[in-house]
Amino acid sequence: MARDMFHKAAKEALEKAGWTITHDPYYLTLQKDVAQYEIDLGAERLLAAEKGTEKIVVEVKSLMKTSLLHEFHSVLGQYLVYQYGLQKMEKDRKLYLAIPSFGQKKLNNIPPLLDMIKDFNVKIICFDSETKTIVSWDES
């Protein structure tokens with residue numbers, strides 16, 4: 001699996017925010033030898049003792065390709081396939097798309113993409129790639 005160039009920065013940002021990385025990558029299998037996917041990261045964090053553990057999987061994308069629209073279409077398709085798989089195989093995990101803050105700024109300049117993010121319920125973690133910290137969590 002080819003990792004996004006900001007994989008390590010996103011991983012460190014999650015760890016700084018109190019998450020324990022449990023999978024790198026997280027394997028999602030819908031059908032053996034046919035539909036197997038590698039999502040960049042799996043993570044957990046302990047909630048209040050009576051609530052248990054929160055589990056997430058995170059796909060990291062830089063949004064640095066020449067055509068933001070083309071890359072976004074690819075990312076959205078990938079996200080929806082992963083979301084489908086998690087709903088079928090592991091309902092207790094939430095899926096997030098992690099993007100660097102400059103990628104979020106690019107998306108903010110194209111309102112139809114923001115509408116799609118909202119309509120398809122894409123959860124976004126925005127991180128600062130230099131300080132390796134979480135800037136925002138968007139649950140759409």
Any side-chain heavy atom of [X] within less than 4.5 Å of one from [Y]?
{"X": "Glu54", "Y": "Lys94", "result": "yes"}
{"X": "Ile39", "Y": "Val58", "result": "no"}
{"X": "Met5", "Y": "Met64", "result": "yes"}
{"X": "Ile134", "Y": "Lys16", "result": "no"}
{"X": "Leu86", "Y": "Val57", "result": "yes"}
{"X": "Ile110", "Y": "Pro112", "result": "yes"}
{"X": "Glu12", "Y": "Phe127", "result": "no"}

Return the minimal non-hydrogen interatomic distance between [X] and [Y], and the atom names on each side.
{"X": "Cys126", "Y": "Ser101", "result": "SG-CA, 3.4 Å"}
{"X": "Pro100", "Y": "Ser62", "result": "CG-O, 3.7 Å"}
{"X": "Glu38", "Y": "Pro25", "result": "OE1-CG, 3.9 Å"}

### Query
What pairs of residues pass the side chain to side chain donor-acceptor pair (under 3.5 Å) test when at least one of them lies in residues 102-113, not counting sequence neighbours?
Gln104-Asn108
Flag yes if [X] and [Y] sit in one hydrophobic cluster, no otherwise; membership is Ile, Leu, Val, Met, Phe, Trp, Tyr, and two members link when side-chain heavy atoms are under 4.5 Å apart.
{"X": "Leu14", "Y": "Val122", "answer": "no"}
{"X": "Leu107", "Y": "Ile125", "answer": "no"}
{"X": "Ile21", "Y": "Leu97", "answer": "no"}
{"X": "Ile117", "Y": "Val81", "answer": "yes"}
{"X": "Tyr26", "Y": "Trp19", "answer": "no"}

Find the distance between [atom1] ([X]) and [atom2] ([Y]) and round it off to the nearest 0.5 Å.
{"X": "Gln36", "Y": "Leu30", "atom1": "CD", "atom2": "CG", "value": "9.5 Å"}
{"X": "Leu41", "Y": "Thr22", "atom1": "CG", "atom2": "OG1", "value": "9.0 Å"}
{"X": "Lys55", "Y": "Lys91", "atom1": "NZ", "atom2": "NZ", "value": "15.0 Å"}
{"X": "Leu80", "Y": "Phe120", "atom1": "CG", "atom2": "CZ", "value": "6.0 Å"}

### Query
Is the NZ atom of Lys8 crowded by more than 12 outside heavy atoms at less than 6.0 Å?
no
Any sub-3.5 Å donor-acceptor pair from [X]'s side-chain atoms to [Y]'s backbone N or O?
{"X": "Arg93", "Y": "Ile56", "result": "yes"}
{"X": "Lys88", "Y": "Gln83", "result": "no"}
{"X": "Thr133", "Y": "Asp128", "result": "no"}
{"X": "Asp40", "Y": "Val60", "result": "yes"}
{"X": "Glu71", "Y": "Lys65", "result": "yes"}

### Query
Got a sec, which pairs hit ring pair (Phe, Tyr, Trp, His ring centres under 6.0 Å) with one end in residues 73-115, sequence neighbours left out?
Phe6-Phe102, Tyr37-Tyr82, Tyr96-Trp137
### Task
Start with the C-alpha distance between Leu113 and Leu69, add both sets of side-chain angles, then the distance that settles side-chain contact (heavy atoms from CB on, under 4.5 Å), and finish with yes or no.
CA-CA 8 Å; Leu113 298 185; Leu69 292 177; 3.9 Å; yes
### Task
Tell me, with the steps shown, if Met89 and Leu28 meet side-chain contact (heavy atoms from CB on, under 4.5 Å).
CA-CA 8 Å; Met89 306 304 291; Leu28 176 65; 4.0 Å; yes
### Query
Quick one: do Asp24 and Lys11 make a salt bridge, cutoff under 4.0 Å?
yes
### Query
Is the closest basic N to carboxylate O distance between Lys61 and Glu59 below 4.0 Å?
yes
